[in-house]
Every structure is written in C-alpha cells, then in structure tokens.
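Letters A, B, ... are given to chains in the order of the sequence lines, protein chains preceding strands, and every chain is numbered from 1. Bear in mind the structure is a predicted one, so any value in this text is a computation, not a measurement.
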Amino acid sequence: MAKGITGRDKDYSQWYNDIVVKAGLADHSAVRGCMVIKPYGYAIWEKIQRQLDDMFKATGHQNAYFPLFIPKSFFSKEADHVEGFAKECAIVTHYRLKNDPDGKGVVVDEDAKLEEELIVRPTSETIIWNTYKGWIQSYRDLPILINQWANVVRWEMRTRLFLRTTEFLWQEGHTAHATKAEAIEETIQMINVYADFVQNWMGVPVIIGTKSEGERFAGAIETYCIEALMQDGKALQAGTSHFLGQNFAKAFDVKFQTKEGTLEHVWATSWGVSTRLIGALIMAHSDDNGLVLPPKLAPTQVVFIPIYKSKEELEQITEKVNEIKSQLEKRGVTTQYDDRDTLKPGFKFAEYELKGYPIRIAIGPKDLEKGTVEVARRDTLTKEFVKQEGIVDYIVNLLDTIQESIFKKALDFRHDKTTKADTFDEFKRILDEKGGFISAHWDGTAESEEKIKEETKATIRCIPFDNEIEEGTCILTGKPSKQRVLFARSY
RNA sequence: CGGGGUGUAGCGCAGUCCGGUUAGCGCACCUGGUUUGGGACCAGGGGGUCGCAGGUUCGAAUCCUGCCACCCCGACCA
C-alpha cells in the first residue's frame, strides 16, 4: 500500500479523501464546503470538458453564457422547481461593505440593501427561460440548442470533495423545441451522449434509464439518467437529462407561432454533468496505491524515468528518451520526462502510481545495453521489458488496451454486484452483505419507494431503458408489477 | 441542524490532565558530499501570532470565559 493512503477495506471514505488530496487533485479551501481544484485535478476536468464540448457541438449545440445571479422572483414562477431548490440557495441581499464604525474590519452597509434579492444560481432554467422568451416568436426560431459551462451553488448540508461541494463546475444544456416528440428525442440523444462519454472515455460502465417520480428533477416531466457503480457497492448518478415538457414555457410565457398560425408553448429539455464525474472516475478505478486514470483522460499518458549512475549514462538515456518521446508525441501521446536528480527512481515510481499515469517507461544501463525499455502499466501494476524497436506502436496499442481493460474490469465488477431479489428479506440481506445494484419488482407507487428507502436507505436508481418486461410482485407490498427496477444505496 | 472529533512550522503529530528555562519530534525544505533498476544516507542549516479574543497569575500552548474554523457520522442533495 502506498504511503499515507488509507486502504479501501479499512475506510472507503478516508481512502477516497486520501486519493483526492494526495494525488493533488483538490483540497479543502478556507471556504466551508468549497474546494480548490488543483492543477492536476483541473487538467482532468479540462479533458472532460474538451471531449464533451466536441460531442455537444457535433450534435448541433452552441455555447453561451447566462448570469450567475437570478432575481428571486424568477424562482416563484415554476412551483415544483422552487420547491426543489429553495432549501439550498445562497442569497445576495446587499451590494456594499463599509468600515466597521467600531474600527474593526468591515461590515455590511445596511444602506446598500437590494430592492430584490438575487439568488446565486443553483441551476439556470429560470434565467434562461426568461431570456428565451425574448428570442422565440416563430417556429422558425426553433429549435434553440444551447449549452453553458458554468459554476453553480447549492447550499448542501454536508459536502465531499468532487462528489458534493457547495460550489461546483458543470455544464447545463437548455434546449427549446416546437414539438414534444422533438424535445423527447433531444433528451434521449443527450443521455446517450453522456453514456457514450462516461463509458468510452472515462471507462465507467453505466445503466441508462428513467428516474422514478420520487427521484425526478424539480420541474421535469421525465428524468433520464446514467447510473454507475462504485467499488464500495454504492451507486452514483453520473449525469441527467430532463424532459421539461411545457412547464418552463408556461411559467415564463414562452410561445411561438406555428406554420398554421396558432400559438403554442415551447417544449424544453435540460441536461447536465458536473465535476462529480471526477469523483466517479476516482471511485470506479483507483486502488490502494493511488489514482488509476483511463488513458483518454489522463493529463499525461506516459512518463519516462531515467536510471543512471553517471552523467554520461544520463546523457545517453536522455538522448534515447527524447527520441522515443518525440515519436510518441507525433502520434498524439502526451508524455513527460522526469529527470530530477534529487529523487531516486523508486520514489518516482510511487509518485506516478499515486497520480495514476497509465504508463511508466524506465530506461537504465541494462536497457541501453540490450536495446530495451521497461514498461509498467498502472492499471495492472505489471512490468515488462520491451524492445526499443517498435516501441511507439507498442505504446500506442497499449494505451488502447489499458483503456479497454479498465472498462472491462469495472463492467465485470458491476455484473458481479448486480443481483436479483424476489423477497424483501432477500433484498435487505443482499444490500447489507453484498451491496451493488439490486433488480427487484416494485408496484410503481411513490409510497412503496419511500418505505423501502426509509427501511433500507436504498432508492430506485433507475428503470433501465433495456428492461425486460416481466410479470412479478412488488417486494414490499406484493402487488403486481410488470418489470424489475434497479435499487441501490447511493451517493 | 443533531452527534463525535480536531485546531501547535508546509504536512503529520507529541506536549495540555498536574502552569515554570530557549515549545519538541518525524516528513518536507535549504547547503555540501556520497547515492540512484521500487519510497537513499551522512553532516550542517532555516522555518512558530501554539485557531481568535478576553481573563486568572510573578509567569499560560497548558487553567477559566466567550467566539471561530475545519473534519468525520446522520438528516438534505448532482
């Protein structure tokens, strides 16, 4: 086990915190519930952003930016929406400070009270729909396909680095459509984009499905989600896409004229993923030695470490490293050469394992002699000597192999941790002994869902898209059910 | 908001119960040398408003009062 990292078996929470802090991803800040995302952590976020942004553009979306502040009155327009967010809003009431008359520091200037308070956005539906009202008159103005990269604030009672922070970074797509069918199609398209990204780039398998009524987004008609399973057997919601119906169009009076000349309310969607994805990345793949990053999201994919005794040796090694390094870079591989002479190789090995670099290449005197290099894989912690000849192709292929292998491992884990339960006792036993997803029949009522949650802390994560139709009886009430749904304890 | 814990060097801690030289230790850092295929070693060196504000005392990291911050567990949530 790496120095200073708590084992997963010992304390999973502490292990997670140790990885985040020791791998240099983020730190607690001086502000309660808010984190400082450090350069290495932010580099991962930038990779996530870049890829998702490309995928959004490829599906016809454009980026825009809306204000951080939302007038309080906007929140009272959509009843469910305000109820969902009211309890966790930061509110701006004043716009000026002054010197404390008692001479100590500064105080809020009570004369500078705002006429109407401003809410720091917890999500932007309201300000955006207020804006769309001015943009939409005719069916010719539709669809509007916009995404925003932004920060939002939700005053959560308890926070955890990346998984739930008071302020977090995310993207939120907000689209407007002429028809219900088109809006639903958009909602589904985007949840599929998320699933594609999370599986093929993050290497985290997900279940795509719909949320039960109780877990639905405040103000949505239908919420689609992707659910991932973490190594401790708890589920994590990795992304959501909401079909908002005409709720926001009605709340903000957004109508358009159809070809036929009638006036109709616009159909809406919204969808988002956040820095929480980094939490998912960590909890899905990492081990007791530190972070494990999929090659496609690793800020640096290959690190070179020289092993030498003399200056002459180092020079020869450096020459060889530079040769391989530049060839790799030409193939689009990101690399780094760590020739710091104050640290021993062993220390560097441990450090890059902690930081999750997918491949480490060590070159020493033996390699110069034999024309080899030592290639170490982070995901499997295996090492082998490889001929320098053909090394570039070898590494390029290996990166793909690692990407697939990481996904496969997580997928196998999820298969092992997905269990069917047919009675409530069985359900509870699996939950306590094994964790993971439990596929069980449910009578479809919010009451039963709530009771199960109260008794077991497990919630319905989703009703999978590809669910089989299967007659059965609800594990709680014994009432008839047409399909199984996926339960789990979750983050 | 309830329960628990912690605040002493960049990090991790000891010292606090029972007040008393110049506040220690490990890691990290700086200088020099020897090392380098899995977390090096020797020698020398720098770094402190002891969370904050009051109080008691000849004397406070230590005792008293008030405050603050953060972490962990729970309820709430992406």
Tell me, please, which residues at least two apart from A:Phe437 pass ring-ring contact (aromatic ring centres under 6.0 Å, His included). none
Tell me the stems RNA chain B sits in, counting at least three consecutive Watson-Crick or G-U wobble pairs, each under 3.5 Å on both distances. B:1-7 with B:68-74, B:10-13 with B:24-27, B:29-34 with B:40-45, B:51-55 with B:63-67
How far, in whole Å, is B:G59 from B:C63 if one measures between their C1' atoms? 13 Å
Among the nucleotides B:U36, B:A78, B:G39, which one has an atom lying closest to any side-chain atom of A:Arg276? B:A78
Regarding A:Lys355 and the six-membered ring of A:Tyr40, is the cationic atom NZ or CZ under 6.0 Å from the ring centre and inside 45° of its axis? yes
Rounded interatomic separation in angstrom, taking CZ from A:Phe349 and P from B:G37: 8 Å
Rounded to whole Å, the NZ-C1' distance (A:Lys22 to B:A28) equals 14 Å
Evaluation steps, side chain to side chain donor-acceptor pair (under 3.5 Å), between A:Thr93 and A:Glu117: CA-CA 5 Å; A:Thr93 55; A:Glu117 292 90 341; over 6 Å; no
Between protein and nucleic acid, restricted to nucleotides 74-76 of chain B and to nitrogen or oxygen atoms under 3.5 Å apart, what atom pairs and distances do you find?
{"unit_1": "B:G74", "atom_1": "OP2", "unit_2": "A:Arg158", "atom_2": "NH1", "d": "3.4"}
{"unit_1": "B:C76", "atom_1": "O2", "unit_2": "A:Glu156", "atom_2": "OE1", "d": "3.4"}

May I ask you to check whether A:Ser124 and A:Gln148 show a side-chain donor-acceptor distance below 3.5 Å? yes
Contact class for A:Phe168 (heavy atom, under 4.0 Å): base, sugar-phosphate, or nothing? base
So, A:Phe248 versus A:His81, ring centres under 6.0 angstrom or not? yes
Got a sec? Which of residues 298-324 of chain A come in under 4.0 Å of RNA chain B, heavy atoms? A:Ile307, A:Tyr308, A:Lys309
Using a cut-off of 4.0 Å on non-hydrogen atoms, how would the nucleic acid contact of A:Arg340 be classed: base, sugar-phosphate, or nothing? nothing
Looking just at side-chain N and O atoms, do A:Tyr357 and A:Gln336 make a donor-acceptor pair shorter than 3.5 Å? yes
B:C25 and B:U8, which share atom name C1', separated by this distance in whole Å: 12 Å
Pair A:Tyr224 + A:Phe465: ring centers closer than 6.0 Å: yes
If you take the centroid of each ring, where Trp contributes its six-membered ring, are A:Phe407 and A:Trp201 closer together than 6.0 Å? no
Rounded distance in Å between the P positions of B:C27 and B:C71: 29 Å
Look at all strands and tell whether A:Thr372 reaches a base, only sugar-phosphate, or nothing, counting heavy atoms closer than 4.0 Å. nothing
Rounded to the nearest angstrom, tell me the gap between atom CE in A:Met283 and atom P in B:A78. 15 Å
For nucleotides B:G24 and B:A9, find the distance between their P atoms and express it as a whole number of Å. 14 Å
Measure from the side chain of A:Phe385, starting at C-beta and using heavy atoms only, and say which of B:G38, B:G37, B:A78 lies closest. B:G37
Give the rounded distance in Å between these two atoms: CZ of A:Arg216 and C1' of B:A78. 17 Å
Can A:Arg360 be said to sit on top of A:Phe349's aromatic six-ring, NZ or CZ under 6.0 Å from centre and within 45° of the ring axis? yes
Whole Å only: how far is the CD1 atom of A:Ile363 from the C1' atom of B:G37? 12 Å
Taking the P atom of each, how far is B:A61 from B:U21, in whole Å? 11 Å
Whole-Å C1' distance, B:G32 and B:G51: 39 Å
Is A:Leu236 touching bases, backbone alone, or none of the nucleic acid, heavy atoms closer than 4.0 Å? nothing
Reading RNA chain B from 5' onward, which residue's closest nucleotide shows up sooner: A:Glu353 or A:Tyr491? A:Glu353
Between the protein and nucleotides 69-71 of chain B, which nitrogen or oxygen pairs come in under 3.5 angstrom?
{"unit_1": "B:C70", "atom_1": "OP1", "unit_2": "A:Arg32", "atom_2": "N", "d": "2.7"}
{"unit_1": "B:C71", "atom_1": "OP1", "unit_2": "A:His28", "atom_2": "ND1", "d": "2.8"}

What integer distance in Å separates A:Leu381:CG from B:G38:C1'? 12 Å
Pairwise distance CE(A:Met190) to CZ(A:Phe56) - rounded to 0.5 angstrom: 5.0 Å
Pick base, sugar-phosphate or nothing for A:Ser13, based on heavy-atom distances below 4.0 Å to the nucleic acid. sugar-phosphate
Heavy-atom donor-acceptor pair, A:Glu374 side-chain to B:G38 base, under 3.5 Å: no
I want to know whether A:Phe427 and A:Phe487 have ring centres closer than 6.0 Å. yes
Atom CG of A:Leu343 to atom P of B:G37: distance rounded to whole Å? 12 Å
For A:Ser490 and for A:Thr342, find the nucleotide of RNA chain B with the closest heavy atom, then tell me which residue's nucleotide is more 5'. A:Thr342
Looking at A:Lys344, A:Arg340, A:Arg378, which hits salt bridge (charged side-chain N to carboxylate O under 4.0 Å, His left out) with A:Glu351? A:Arg340
Test side chain to side chain donor-acceptor pair (under 3.5 Å) applied to A:Asp11 and A:Tyr16, step by step: CA-CA 9 Å; A:Asp11 183 344; A:Tyr16 175 79; over 6 Å; no
Can you sort out the partners of A:Tyr194 under ring-ring contact (aromatic ring centres under 6.0 Å, His included), two or more places apart, ordered by chain and number? none
Stepwise side chain to side chain donor-acceptor pair (under 3.5 Å) test for A:Ser241 and A:Thr187: CA-CA 6 Å; A:Ser241 181; A:Thr187 315; 4.8 Å; no
Distance, C1' atom - from B:U62 to B:A23, rounded to whole angstrom: 11 Å
Within 45 degrees of the axis of the six-membered ring of A:Phe74 and under 6.0 Å from its centre: does A:Lys77 put its NZ or CZ there? yes
Measuring only the C1' atom in each nucleotide, how far is B:G37 from B:A43? A whole number of Å is fine. 28 Å
Rounded to whole Å, the OH-C1' distance (A:Tyr352 to B:G39) equals 14 Å
Across the strands shown, which category fits A:Glu227 at heavy-atom distances under 4.0 angstrom: base, sugar-phosphate, nothing? nothing
A:Lys344 side chain N/O closer than 4.0 Å to the phosphate oxygens (OP1, OP2) of B:G37? yes
